[in-house]
Amino acid sequence: MAEFTGWLLDIYEDAADGLALWALADDGRRLRLRRTFAVRFYAAGPDGELRRLWQYLRAQPIPVRLSRTERQDLFHPGLLPVLAVEVPHAPDQPRLFQSLQDEFPRLNFYDADLNIWLRFAAETGAFPLARCRFDCGAGGRLLALEVLDSPWDLDPAPAPLRTLTLAPDCDPTHAEPRFLEAAVGGCRYRLAFEPLRPLLVNLSALIQRHDPDILLTSFGDTWLLPRLLEASSACGVALPLNREFGRGTAHRKARSYFSYGQVVYRGPQVLLFGRWHIDRRNAMLWDDYDLEGVLEAARVTAQPVQAAARTSPGSGISSMQMLTALRGGVLVPWHKQEAERPKSALDLLRYDQGGLVYQPITGLHSNVGEVDFISMYPSIMVHANISPETTRSEGEPSTDQPPGLIPRTLEPLLNKRIALKQRLAEMAADDPLRPLYQVRASAHKWLLVTCFGYLGYKNARFGRIESHEAVTNGGREALLAAKEAAERQGFEVLHLYVDGMWLKREGTTRVSDYTPLLEEISRRTGLPIALDGIFRWVAFLPSRVNEAVPVPNRYFGVFQDGSIKTRGIEARRRDSPPFIAEAQMELLTILARGKDAAAARALIPEALTALRRRIRQLREGRAPLEKLLVGQKLSRELEKYRSPSPAAQAAAQLQAAGKRAEPGQRLYFVYLRGGGVHAWDLPTRPDPRGVDSARYIELLLRAAETVLCPFGISAEAVRGVEPGRLFPLPSRRGLSGGDAAAAGRRRIRAFSGEVSDVMM
DNA sequence: TACAGTCGGGG
DNA sequence: GTGTACGACTGTA
């Protein structure tokens, strides 16, 4: 084997050698390598306890090397005396550490619960899909490894990965699939599920013949792979899902957890060794980023590919922070130990603010420029050097100190994202590489967004609330500085929202007219800023509950290039039935042809005609059922519901049919006459005649009002589009009261709490 | 009127 | 394997 170059695909613990590695050589061979690998972790605490730990470790059977040394804990000044524990055989470490947790509750452990990829990446500079030079001895023993590229390269040499796609011919939650559709090496196969034995034999032959690097499945985690594995053991036909011979697959249980204010359901997982299983239906945020987004995330976070495909970007950024710490000799706490410092009421008042939000001037405006800070919060963290160890307790950042852990982690990511966006801006619209760069930029965006949230999360390993607050302070200051600059240059500020502002100035209609403003803002704040575009027209909407109150994030408009931007309206809400969302977009597309507000107004009759057609479609039952599906997330266990919300009703129906619906799962259903629903994932289809078309018409009319009323069309006029038929107008609520007058005035207020992911 | 339940974000 | 905000809105009692 000697020396060769190629890509590093996979790493995992190996009972015999310590570490198994898979390489894809330039000549196309897939090679299994092995080497020993020692891991180190640390303990700190009272001297007596450390001595006791020393004796305990000496007495137990797992070989270890012990030494006393000093290391840096990010949350404590100076160096911390620690006991270093080196475990020469990596697979021993988790078991050993497990036993220490109960035995030594008073000690603080560091670097104790890191996955093997992270340790390997810290030690060697490698990362998933890194280009490497491998030097091998007999039997695949890895003697030396040289990493040839970096995760920050914009154009990494693409690894010629082989993918086997597997998908049942229908959604197994609905019906029993009859065929397994497979695609590999440019060929498609259709394998019958019954009888099982030939299926297994054929599939096994496909895998052996093509030896894919990736098993890209639909429902592989939740249904297909468990089913195949079960069949394999029942029939006694070996199925080489793993590339690693003789090793079983790894399984993770399904779970629901709370994140970003809502429950998330994560399905069960089936993980492979030596090749990757990615279930595109169980991939989290990377879902629509496709495989490239997953690979990009794995490269920059040094998370295993199969994990990167399934975890949130939160664990990705956490992984990057840990890597920065390991490489810089900073201890990675096992559990974050530091509680928040006590704060006075005044501090709380000062701190507990999020992004700056203005009340927009409601109504229709022409020639409005939208100017946004680019990745505002991450830019502030890097620019102002905000990190747990550099932030003073007053919440003031310190730029006179060396760059902190968080800025060091973020800076390359931020630079790469900006470079990718630059590359995109220079690319032709039809460049075949465009989607690739988009997907990569997108993956980076999520990592950046999450990093800010993590600063404020009390259980994050490197979080600290004061740093979090220093960031939001910086954001508010920057936005105010931007507003002042705009006003000084004669712009009217129509709206401010956390990291963006909407501006108008008589005679200012060209992109270049904004250049002096952008330059001034960038100079004053030190943060990157860009013109998102100039709206031909944009409408900021009032509250539906109280017409006098503007709401900060409900608007729609059309840029000069004809593209439509919407926020908060029906078309963007995930619980809107597709029919309603599409109808609203249809109306907007018609209005978007208007070059200014007046021209758009002239297109209203055409929009009303389209609306009339849509209403008729609903009334005559011609809208396809799938377009009427409402999707809502189950927010809790079925038993915990106190009133039968539509999602709870759907869950009850599923349960009655023997299918358990977990919190965090999105359930789809149609509204039925009489107030009920019919869950979509039932074996029976709803009777189209039972569909509550009146309710859908009401939803449609509301969506139409949202986009038409700003043009001066009354709600009554929208509802009267059908000759001889006026749909009743639901009464507006709470119009009375002193609130309205107060709300009519424009005032600046701050969001309290999280606005983390609004910002980028 | 009060309360319970759901959504939001980007590209 | 990571986050339990908060305001807008809707439906129902």
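Within every chain, numbering begins at 1; the chains are lettered A, B, ... in the order of the sequence lines, protein sequences first and strands thereafter.
- The interatomic distance linking A:D499 (CG) with B:dG9 (P) rounds to 13 Å, in whole Å.
- A:A647 comes within contact range of the sugar-phosphate backbone alone, with a heavy-atom separation under 4.0 Å but no base atom that close.
- Checking the phosphate oxygens (OP1, OP2) of B:dG8, a side-chain nitrogen or oxygen of A:R574 falls inside 4.0 Å.
- A:R702 comes within 4.0 angstrom of the backbone, heavy atoms only, and of no base.
- Computed from coordinates, the A:L114 CG to C:dT2 C1' distance equals 14 Å when rounded to whole Å.
- Listed pair A:R666 / B:dT6 fails the phosphate criterion, with no side-chain N or O lying under 4.0 Å from OP1 or OP2.
- Regarding A:N546, its CG atom lies at a distance of 13 Å from the P atom of B:dT1, rounded to whole Å.
- Distances shown here put every side-chain N or O of A:R572 at or beyond 4.0 Å from the OP1 or OP2 atom of B:dG8.
- Remark: A:Y641 is in phosphate contact with B:dT6, judged by side-chain N or O atoms under 4.0 Å from OP1 or OP2.
- For A:R461 and C:dG1, a side-chain-to-base donor-acceptor distance below 3.5 Å is present, hydrogens and geometry of angles not being considered.
- Rounded to whole Å, the separation between the C1' atoms of B:dG8 and C:dG1 comes to 24 Å.
- A straight line from CD of A:Q649 to P of C:dT10 spans 19 Å, rounded to a whole angstrom.
- In this structure, A:L448 CG and A:S379 OG are separated by 8.0 Å, a value rounded to the nearest 0.5 Å.
- The aromatic rings of A:F535 and A:Y555 sit perpendicular, their planes meeting at an angle over 60°, well past the 30° parallel limit.
- When all heavy atoms are compared, the tightest approach of A:D431 to A:L433 is OD1-N, 2.8 Å.
- Nucleotide B:dG11 holds its P atom 15 Å from the NE2 atom of A:H444, rounded to whole Å.
- Applying the side-chain hydrogen bond (donor to acceptor under 3.5 Å, both in side chains) test between A:Q584 and each of A:R702, A:R572, A:E570 identifies A:E570 as the sole match.
- The closest donor-acceptor contact from the side chain of A:H277 to the backbone of A:V270 lies under 3.5 Å.
- On the P atoms, C:dT10 is 15 Å away from B:dG9, given to the nearest whole Å.
- Residue-level contact check: A:S643 touches the backbone only, with heavy atoms under 4.0 Å from sugar-phosphate atoms and none from bases.
- Listed pair A:N553 / B:dG9 meets the phosphate criterion, a side-chain N or O lying under 4.0 Å from OP1 or OP2.
- Listed pair A:S645 / C:dG11 fails the phosphate criterion, with no side-chain N or O lying under 4.0 Å from OP1 or OP2.
- Remark: P of C:dT2 and CD of A:Q303 are 10 Å apart, rounded to the nearest angstrom.
- One interatomic measurement links the two molecules: CG of A:L541 to P of C:dG7, which rounds to 20 Å at whole-angstrom precision.
- Of the candidates C:dT2, B:dC7, C:dA8, B:dC7 carries the atom nearest the A:D575 side chain, counting heavy atoms from C-beta on.
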Which nucleotides of DNA chain C pair, in dot-bracket form (Watson-Crick or G-U under 3.5 Å, | meaning another strand): .....||||||||
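- The separation between A:Q321 atom CD and C:dG1 atom C1' is 14 Å, rounded to whole Å.
- In the interface, the side chain of A:S318 is paired with the base of C:dT2 through a donor and an acceptor atom under 3.5 Å apart.
- In this structure, A:R554 does not reach the C:dA8 phosphate: none of its side-chain N or O atoms is under 4.0 Å from OP1 or OP2.
- For the pair A:R310 and A:R252, the minimum side-chain heavy-atom distance is 4.5 Å or more.
- Ring pair A:W117/A:F120 is perpendicular by interplanar angle, where above 60° counts as perpendicular and below 30° as parallel.
- Regarding contacts with the backbone of B:dG9, every side-chain N or O of A:R573 stays at 4.0 angstrom or more from both OP1 and OP2.
- Contacts of A:R440 with the nucleic acid, taken as non-hydrogen atoms under 4.0 Å apart, are absent.
- By the 30° and 60° cut-offs, the orientation of the rings of A:F109 relative to A:F41 is tilted.
- Annotation: cation-pi pair A:R636/A:Y641 present, NZ/CZ under 6.0 Å from the ring centroid and within 45° of its normal.
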